**Student:** 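Submitted below is the structure of interest, expressed as structure tokens.
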Amino acid sequence: MPASPSFREQVLALVAQIPSGRVMTYGQLALLAGHPGAARQVGSVLRGLPGDSDLPWQRVVNAQGRVSTYRVGLGEWQRSLLEAEGLSFSAAGQLDLVAAQWWPSDSARP
DNA sequence: CTGATGACAGTAC
DNA sequence: AGTACTGCCATCA
């Protein structure tokens, strides 16, 4: 592992801490990773993850509370996983971030 | 090193 | 409300 944790390592570490039934946004992960505004890189990191990764990458959604999968079909799968964890999606396929968004106890929430 | 890229976010219309 | 454009910033060629 690199001596200085890269942005990628930080994001992966944060995603690994997301408990079941909760989600985090890309911008939030970027902020907690120490690089506010780098939300796009968070997506790039998750994009490179293998499908059988141990990381709960499916619990990462965009600021709108919707899944931003880069591949059709994968979004349906991700949505099913989140619903199985107790999350509720609206008719538009969005979930209530106010109730579902999770913040590490280490960080102060707004 | 420079330019292009992108699982986003915020603002404008 | 939904769509379009811009800004941001870490990787990759």
Side-chain angles (χ1 to χ4, degrees):
Chain A
M1 52 157 70
S4 49
S6 64
F7 175 81
R8 203 160 123 187
E9 294 295 327
Q10 290 287 349
V11 172
L12 295 178
L14 287 166
V15 172
Q17 295 173 46
I18 307 178
S20 178
R22 297 286 189 178
V23 297
M24 287 181 82
T25 67
Y26 293 92
Q28 181 186 356
L29 285 169
L31 178 69
L32 295 175
H35 295 262
R40 302 184 69 165
Q41 276 51 257
V42 177
S44 296
V45 171
L46 298 181
R47 181 193 175 203
L49 289 175
D52 62 349
S53 177
D54 294 330
L55 292 172
W57 63 267
Q58 59 274 18
R59 293 172 189 152
V60 181
V61 298
N62 58 23
Q64 300 175 7
R66 305 185 74 179
V67 297
S68 301
T69 47
Y70 73 111
R71 242 156 121 161
V72 183
L74 200 56
E76 297 295 315
W77 179 67
Q78 179 175 359
R79 191 182 64 121
S80 298
L81 287 175
L82 294 177
E83 287 181 327
E85 293 180 354
L87 294 175
S88 57
F89 282 80
S90 69
Q94 304 181 202
L95 41 76
D96 186 8
L97 284 179
V98 179
Q101 188 171 19
W102 176 79
W103 289 83
S105 16
D106 191 68
S107 240
R109 15 188 208 285

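The shown structure was predicted, so the numbers you read here are calculated from the model rather than taken from an experiment. No hydrogens, no waters, no symmetry mates; every other heavy atom, side chains included, goes into these values. The sequence lines fix the lettering, A, B, ..., with proteins before strands; numbering per chain opens at 1.
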**Student:** Looking at every heavy atom in both A/P104 and A/M24, which two are closest together, and how far apart are they?
**Tutor:**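 Result for this residue pair: CD-CE, 4.1 Å.
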**Student:** Round to a whole Å and report the spacing from CD of A/Q28 to P of B/dG10.
**Tutor:**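 Nearest whole value for this atom pair: 12 Å.
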**Student:** Apply salt bridge (charged side-chain N to carboxylate O under 4.0 Å, His left out) to the pair A/E85 and A/R22, showing each step before the final yes or no.
**Tutor:** CA-CA 8 Å; A/E85 293 180 354; A/R22 297 286 189 178; over 6 Å; no
**Student:** Could you check which residues of residues 57-87 of chain A get a heavy atom under 4.0 Å from DNA chain B? Sort them by number, please.
**Tutor:**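 Heavy-atom contacts with DNA chain B come from A/W57, A/N62, A/A63, A/S68, A/T69, A/Y70, A/L74.
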**Student:** Has A/R66 got a side-chain atom pairing as donor or acceptor with A/Q94's backbone, closer than 3.5 angstrom?
**Tutor:**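 Looks like no, no N/O pair under 3.5 Å.
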**Student:** Send over the distance from A/L12 CG to B/dA7 C1', rounded to a whole Å.
**Tutor:**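 Going from CG in A/L12 over to C1' in B/dA7 covers 13 Å.
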**Student:** Taking the six-membered ring for Trp, are A/W77 and A/W57 parallel (under 30°), tilted (30 to 60°) or perpendicular (over 60°)?
**Tutor:**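 Correct class here is tilted.
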**Student:** Do A/V60 and A/V23 come close enough that some side-chain heavy atom pair is under 4.5 Å?
**Tutor:**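 Of all side-chain heavy-atom pairs linking A/V23 with A/V60, none is under 4.5 Å.
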**Student:** Tell me: CZ of A/R47 to P of B/dA7, nearest whole Å?
**Tutor:**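 The answer, rounded to whole Å, is 5 Å.
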**Student:** Quick check against the 3.5 Å criterion: does A/Q17 have a side-chain atom that pairs as donor or acceptor with the backbone of A/A13?
**Tutor:**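 Looks like yes, one N/O pair under 3.5 Å.
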**Student:** Quick one: are A/W103 and A/L32 in side-chain contact, heavy atoms under 4.5 Å?
**Tutor:**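 Sidechains of A/L32 and A/W103: in contact.
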**Student:** Report each atom pair, protein N/O against N/O of nucleotides 9-12 of chain C, whose distance is under 3.5 angstrom.
**Tutor:**
| residue | atom | partner | partner atom | Å |
| --- | --- | --- | --- | --- |
| C/dC9 | O2 | A/Q41 | OE1 | 3.2 |
| C/dC9 | O2 | A/Q41 | NE2 | 2.5 |
| C/dA10 | OP1 | A/H35 | ND1 | 2.7 |
| C/dA10 | N3 | A/Q41 | OE1 | 3.4 |

**Student:** What closest approach, in Å, do A/N62 and A/S68 show between heavy atoms, and which atom pair accounts for it?
**Tutor:**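 So the two residues come closest at ND2-OG, 2.7 Å.
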